[in-house]
Amino acid sequence: MPTMILRRALGALLVLSAPLVAQDTTRGVRIGLTYDPGSKPGIIVLPSRGVGADSIRTILQRDLDLGDRVNAIVLDAAALDEASRAATPNWAVLAKLGAAAAVQVTPTPTGLHLAVYDVVKKTTALIRDYAAPPMTEMRGWRAALHGLSDDLEESLTGTRGIARTRVAFERGGRLWVVDSDGEQVTPITEPGTPQSAAWNANGSMITYASFLPPAKIMLLELGTGRSRPLVTGGGVFITPAFTPDGASVVYSHGIDNGTDLYITDVAGGGGRRLSVGRGSDNLSPTFSPDGRRIAFMSARAGHPEIYTIDADGTNVDPLTPVEINERAFRASPDWSPDGRFVAFQSRIAGTDQVMTINLRDRGLKQLTSDGQNTDPSWAPDGRHIVFVSNRSGAKVLWVLDAETGRTRQLTRGGVARNPAWSPRLSN
Amino acid sequence: MTRTTTVLSLAIVLAAGGLQACRKKPEAAPGPVPAGAPVSDDGAAKRRADSLAALAASRRADSLAAARAAANEEGAQAALRRVLAQVVYFDFDKDLLRDDARAVLDAKAAVLAANGGITIIVTGHTDEQGTSEYNLALGQRRAAQVKRYLESKGIAETRMTTQSLGDSQPAAQGSDENAYQLNRRAEFETRNASGTLVRPKP
């Protein structure tokens, strides 16, 4: 169970005493929490005072919960009320609640003040101040707080969180981005026919296809909001993806004889063909994190399956098993950021489901079964996957924790398509 | 409508007045007068009326014939344009041309061959099954297959452009096989086809 809700008042979590002495700790150092490695550490987000303090607490608690790596212990109103009147942690009560750590974030004139308490050692483990825009600049303010959440998760578990990430997707003829917690849905293109957004490695640019003839591969600079065509011409130009170094874009193009993968420099110049599909369709490239291999969809065996190919176009190899007389439809591959898996969609008994294949032993795993589930994209933690599902009716975005199977709805309303999870963002 | 009706009534009154004038001054009457007609006031007036009626009937017949001929030509032109615009349909996840599609394309090739100035844009479409990205590729393959077939029937490659809209513009709404079949198609647009089309030789 990811979230514990305590329904009874548990006494003061903080006892009134002398003000806490701040302790400097080095950024990035992991706090040595003592907990069973098989279970998730319990974390209590303590109330704080100041403008927006309640929002801060709610957002932080949610970030920790959605990260699926800690138990965000949610207190009831009475416990909160008592806690808010104290000034220093009540170690005994915190320990009784199952907390390995308690955190408190207080708004300051220039940003956010973070304090982390190690409940086991009964010490202040971390004090840090964060710059943040005024709360009225909601998108940037939330981004700063999400960044704090990710720092915190890294300190507590050794693995950085994914709160400060966004998901790009299509809806109603535009590309949008939504924060990882489902907030701040923001359009990033004008209305048109944008499709298949893909991020560069530092999250500053998005490449996408514009399929209305004449079809184009576009580059969008997120800082300025400006788009420009990278390649265009007759036929189709679809499914672009940045190389991990960000210098090139691989995409699919075809006019008279199927579609093949091509590569072109972001700086400009023509496309060079990578795949030799001989009239079949070859699209949806996704790079291994080291940039050496590309997984892609190919219908060269008569129906769509996932293949891999070297980045220079040699050594094509079927990844998903092609069986005789099988009419599988496997598509939309996405290579995991840790390099271990490729997620894709596969038609199973007439319905599309999200699956993964292990690159080492080629083991297949079906991750979804409720409704139709398509277009998976990995979060930068290599654990969460965003995908399109009609399980609740309309096709909207959902997030799945591949380790626990926990799912949550990310977007509401409208038909969403082709989500792409950003890398960790710094701006 | 009221205004139009009034104007028409006025025209009829004026025309009737004209006929009255004819009767009073037959020598000034326009139109052919039967040669050697006996000059008798009553008989002359009747013959004059008969001749005018015959003239009107003949003119009516002429214009009907002309209208019929024009209609035939218009019908033929419309038929030729329908052939150029006729959609071809495909099987699920296929770009192969079925017999019904070949028949449509054969007729199209004949019209295109007889009208060398016309160029066409072939747009491939798909149903909503599969990914929207794959469907753009599939739509392009369908358009390319149509182009290849027309080329094999002697239509110059340079007269044909292919493109795909994938599943983005369904012809029929719905998620059943009836809608899917109507959506798996190639559509045709023509350029330089505004003049009178030449009928292909039989």
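Each chain gets a letter, A, B and so on, in the order the sequences are listed, and its residues count up from 1.
With a threshold of 4.5 angstrom between heavy atoms, A/Ile238 approaches chain B through side-chain atoms but not through N, CA, C or O. Neither the backbone nor the side chain of A/Thr193 comes within less than 4.5 Å of any heavy atom of chain B. Of the two parts of A/Asn418, only the side chain, counted from C-beta on, holds a non-hydrogen atom closer than 4.5 Å to a non-hydrogen atom of chain B. For A/Ser196, the parts lying near chain B are the backbone and the side chain together; criterion is any non-hydrogen pair under 4.5 Å. Contacts of A/Pro214 with chain B are absent, with no heavy-atom separation under 4.5 Å from either backbone or side chain. Contacts of B/Asp93 with chain A are made by side-chain atoms alone, with heavy-atom separations under 4.5 Å and no backbone atom involved. Proximity to chain B involves both the backbone and the side chain of A/Phe211, based on heavy atoms less than 4.5 angstrom apart.
Among all heavy-atom pairs drawn from B/Tyr134 and A/Leu283, the shortest one is N-CD1, 3.9 Å. Counting all heavy atoms, side chain and backbone alike, B/Gly130 lies closest to A/Arg347 at N-NH2, 3.6 Å. What you find for A/Gly235 and B/Gln140 is that their closest heavy atoms are CA-OE1, 3.5 Å. The two atoms that bring A/Pro213 and B/Gln163 nearest to each other are CB-OE1, 3.3 Å, heavy atoms only.
A/Arg417 and B/Asp167 are joined by a salt bridge, as a carboxylate oxygen and a charged side-chain nitrogen come within less than 4.0 angstrom of each other.
To the nearest 0.5 Å, atom CD of residue B/Glu133 and atom OG of residue A/Ser332 are 5.5 Å apart.
Interface remark: of the candidates A/Ile255, A/Thr259, A/Thr374, A/Ile255 forms the most heavy-atom pairs closer than 4.5 Å to chain B. Highest contact tally toward chain A, considering only B/Ser164, B/Gly139, B/Gly124, B/Ser132, is held by B/Ser132 [criterion: heavy-atom pairs under 4.5 Å].
For the pair A/Gln195/B/Leu136, a side-chain contact is recorded, criterion being any heavy-atom separation below 4.5 Å from C-beta on.
Environment of CZ in B/Arg81: crowded, with over 12 heavy atoms of neighbouring residues, nucleotides or ligands closer than 6.0 Å. Open room surrounds CG on B/Asp99; 12 or fewer heavy atoms of other groups in view lie less than 6.0 Å from it.
Looking only at distances, a side-chain donor or acceptor of B/Arg148 sits under 3.5 Å from a matching main-chain atom of A/Asp256.
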